[in-house]
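Note that these values count all heavy atoms, side chains included, but never hydrogens, waters or copies made by symmetry. Everything numeric in this text was worked out from a predicted model, so none of it was measured. Within every chain, numbering begins at 1; the chains are lettered A, B, ... in the order of the sequence lines, protein sequences first and strands thereafter.
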Number of protein chains: 2
Amino acid sequence: MNEETGLRERKKQRTRELLSKTAIELFLERGFDQVSVAEVAAAAEVSKPTLFRYFPAKEDLVLHGIADHQGEAARVVRGRAPGERPLAALRAHFHERLDAHDPITGLCDVPAVLAYRDLLYGTPGLLARLTLYALEDERELAAALGEAGADGMTARLGAAQIITVHQVLARGNWERLADGASAAAVLGDAHMDADRAYELLGDGLGVRGL
Amino acid sequence: MNEETGLRERKKQRTRELLSKTAIELFLERGFDQVSVAEVAAAAEVSKPTLFRYFPAKEDLVLHGIADHQGEAARVVRGRAPGERPLAALRAHFHERLDAHDPITGLCDVPAVLAYRDLLYGTPGLLARLTLYALEDERELAAALGEAGADGMTARLGAAQIITVHQVLARGNWERLADGASAAAVLGDAHMDADRAYELLGDGLGVRGL
DNA sequence: ACAGAAAACGCAACCGAGTAACAAAAGATT
DNA sequence: AATCTTTTGTTACTCGGTTGCGTTTTCTGT
C-alpha cells in the first residue's frame, strides 16, 4: 500500500535537494555569511518560510549531506563480524573509507569537495553545528560499545576518544590536501596516520612517552 | 606609570561583570532563549549597543567566566616538574581540582553552579559555543605536548583525547550530582573514574578489551 | 584648574535569521 | 467533478547584532 511513491513526496525531495544545492553553490562563491537566506530562497524559487520548512536553520542547508553519515561508527560496531573487536572493526572500516577517498576521511581531492571543506572549517557557525552532530554520533557509539560489553564509563570514554580521533585524522588529511597535494600522493601517509592513531587508541599514550 | 588602575578601566570591569551577572540571573530564572538581550541590557541599565561592545554575542554573556580557564591544560603541561610526564602532571592536576570541587571537573554541588551547568548543557547554542572554546584549548595543549617532545600527529591526537576525556569526566560527575547526590558523596567515585580514564589514556583501550 | 583629545555611551535606524497567521494553490480521495 | 488535506506564498513580526552620529564622560597636557 505504501510504494514510497507519490508525486508529493518526489517533489518535496527535489525541492529539498535543489535548496541545498543552490545554497552551497552560492556559499562557495561568496561565503556563508555573505549570502542571505532570502537570496537562497529566491535563487531556488521558493519563499523564505518554505525554505525554513525544509531546513530548520541556515547551517543545515550546508550540513544536510553530512547528516547522512550520522551514526556510522555505531553501525560499524554493531555490524562487525562475530568475535571481532570493536576497535578492529572501526580501524578496518576507516582504512576502507580511506581507500575509497571518502570525504569523511578528509582524503578527497575533488575540487568541489575541497572547497566545501574550506567552507566548513572556515565558518565558525558551521563548525559549531558540526560538533553538535558529532556529539550525537558519540552517544550512539557509546551505546554500541556498551552493547559490546564495555561498562558505562569505558564505553563513553572510548566513544569520545574514537570520534575525536576520526576528527583529528580527517583534519590532518584535509590540511595536506589544502597544501596542494593530491589524494593519491598522501594516501600512504594517511594510512600510516590512521594506523598510528588506532595503535594509540589501543595501546595508550603511554607507549609514546606521554 | 601604568599601575593597572584608572577609573575608566575599573568602571569597564564593573560594567562587564554586572552585565554577565545580570544576564546569568535572568537566564537561570527563565531560560536562555526566553530572555532577550534587550532585557538584559535594560536590567543592567546600559543600551543594547553597549552590551555588544562588551560581549560579541549573547552566548558570551554566559561563557565569560569559563574563558578564564582557557588554556589551563597547556599551562599544566608547560609548568610540570622537570622529568615529570605530561600525562602524569595532568592527572595529578585533575585530582587536585577534584578535591577542590572545582566546577570545571563537574564536581561542585553549590546550587548556583549546578543550575548554571543545567543551563549550559540544556542550551544547544551554549553547548556549541563551549565546544569552540574547547577546540582552542586543544590546539594550545597540542602545542605544549609538541614542546614536550611528541611528534606533530601524536601531539594532536593526544591533546584531542585528553580534552575529550576531561569533558566526559566532567559530564559524568555532573550527572551524578544532577541525580541529587552530594559532591562529598561521589568524590570517591569521581577519583576512581579519573584514575580509570587516565589509565585508559596511558595504556589504551586495548586493555579493556575493545 | 581648565581646555581639548580620546574614549565610551545612548539613540535611532537598520540588516538578517527565524516564526506566526492566514489565504491561495496543488495533490490526494471519493 | 467535488471535497479534503497538505503545501505554499504573502505579510508582518520578534530578536540578535551592527552602524552612524551626536553627546557625555574620562584622561591628558598645560
Side-chain angles (χ1 to χ4, degrees), chain A residues 1-20 22-24 26-27 29-64 119 123-129 132, chain B residues 1-20 22-24 26-27 29-64 119 123-129 132:
Chain A
M1 59 172 73
N2 190 355
E3 286 295 326
E4 298 291 332
T5 37
L7 176 54
R8 214 168 228 162
E9 291 314 309
R10 262 178 294 151
K11 267 194 136 177
K12 274 172 75 174
Q13 200 68 20
R14 252 187 292 140
T15 304
R16 191 175 171 78
E17 268 156 35
L18 175 64
L19 272 170
S20 176
T22 309
I24 293 177
L26 289 174
F27 294 157
E29 274 175 32
R30 319 206 318 258
F32 184 77
D33 297 314
Q34 275 63 55
V35 180
S36 73
V37 293
E39 280 182 81
V40 175
E45 297 188 297
V46 298
S47 69
K48 196 166 59 138
T50 295
L51 184 152
F52 282 109
R53 277 178 203 120
Y54 281 90
F55 296 92
K58 188 184 183 186
E59 286 83 8
D60 295 304
L61 284 164
V62 181
L63 271 37
H64 147 253
L119 182 63
T123 311
L126 291 175
L127 210 52
R129 198 86 165 196
L132 287 188
Chain B
M1 57 174 73
N2 190 357
E3 286 294 327
E4 299 291 332
T5 37
L7 178 55
R8 213 171 226 159
E9 291 316 308
R10 262 179 294 151
K11 267 193 134 175
K12 274 173 73 175
Q13 199 68 21
R14 252 187 293 139
T15 304
R16 192 176 169 76
E17 269 156 34
L18 174 64
L19 273 169
S20 176
T22 308
I24 292 177
L26 290 174
F27 294 157
E29 275 174 32
R30 317 205 320 258
F32 184 77
D33 297 314
Q34 276 63 56
V35 180
S36 73
V37 293
E39 281 182 80
V40 176
E45 299 189 295
V46 299
S47 70
K48 199 168 56 143
T50 295
L51 185 152
F52 282 109
R53 276 180 203 116
Y54 282 90
F55 297 92
K58 188 184 183 185
E59 286 83 10
D60 295 303
L61 284 163
V62 181
L63 271 36
H64 148 253
L119 182 64
T123 311
L126 291 175
L127 210 52
R129 198 86 166 196
L132 288 188

NA contact type, [X], heavy-atom cut-off 4.0 Å: base, sugar-phosphate, or nothing?
X: B:Glu45; result: sugar-phosphate
X: B:Phe55; result: nothing
X: B:Val40; result: nothing

Minimum-distance nucleotide (side-chain atoms of [X] versus [options]):
X: B:Lys11; options: D:dG17, D:dG9, D:dT26; value: D:dT26
X: A:Arg8; options: C:dA12, C:dG27, C:dG18; value: C:dG27
X: B:Lys12; options: C:dA8, C:dG18, D:dG9; value: C:dA8

Starting at atom [atom1] of [X], determine the distance to atom [atom2] of [N], rounded to an integer number of angstrom.
X: B:Glu9; N: C:dA6; atom1: CD; atom2: P; result: 17 Å
X: A:Lys58; N: C:dC15; atom1: NZ; atom2: P; result: 16 Å
X: A:Leu51; N: C:dT19; atom1: CG; atom2: P; result: 11 Å
X: A:Arg14; N: D:dT8; atom1: CZ; atom2: P; result: 12 Å

* To do: Look at the side chain of B:Arg53 against the base of C:dG10 and say whether a donor-acceptor pair falls under 3.5 Å; ignore hydrogens and angles.
  => yes
Report yes or no: is there a donor-acceptor pair, N or O only, under 3.5 Å between the side chain of A:Lys48 and the base of C:dG18? yes
| Distance check: side-chain N/O of B:Thr50 vs OP1/OP2 of C:dG10, anything under 4.0 Å? | yes
State whether B:Tyr54 places a side-chain N or O below 4.0 Å from either non-bridging phosphate oxygen (OP1 or OP2) of C:dC9.
-> yes
With a 4.5 Å heavy-atom cut-off, do [X] and [Y] have their side chains touching?
X: A:Ser20; Y: A:Phe55; answer: yes
X: A:Glu9; Y: A:Gln13; answer: no
X: A:Thr50; Y: A:Arg53; answer: yes

task: May I ask you to check whether over 12 heavy atoms, not counting those of B:Glu39, lie within 6.0 Å of atom CD?
output: yes
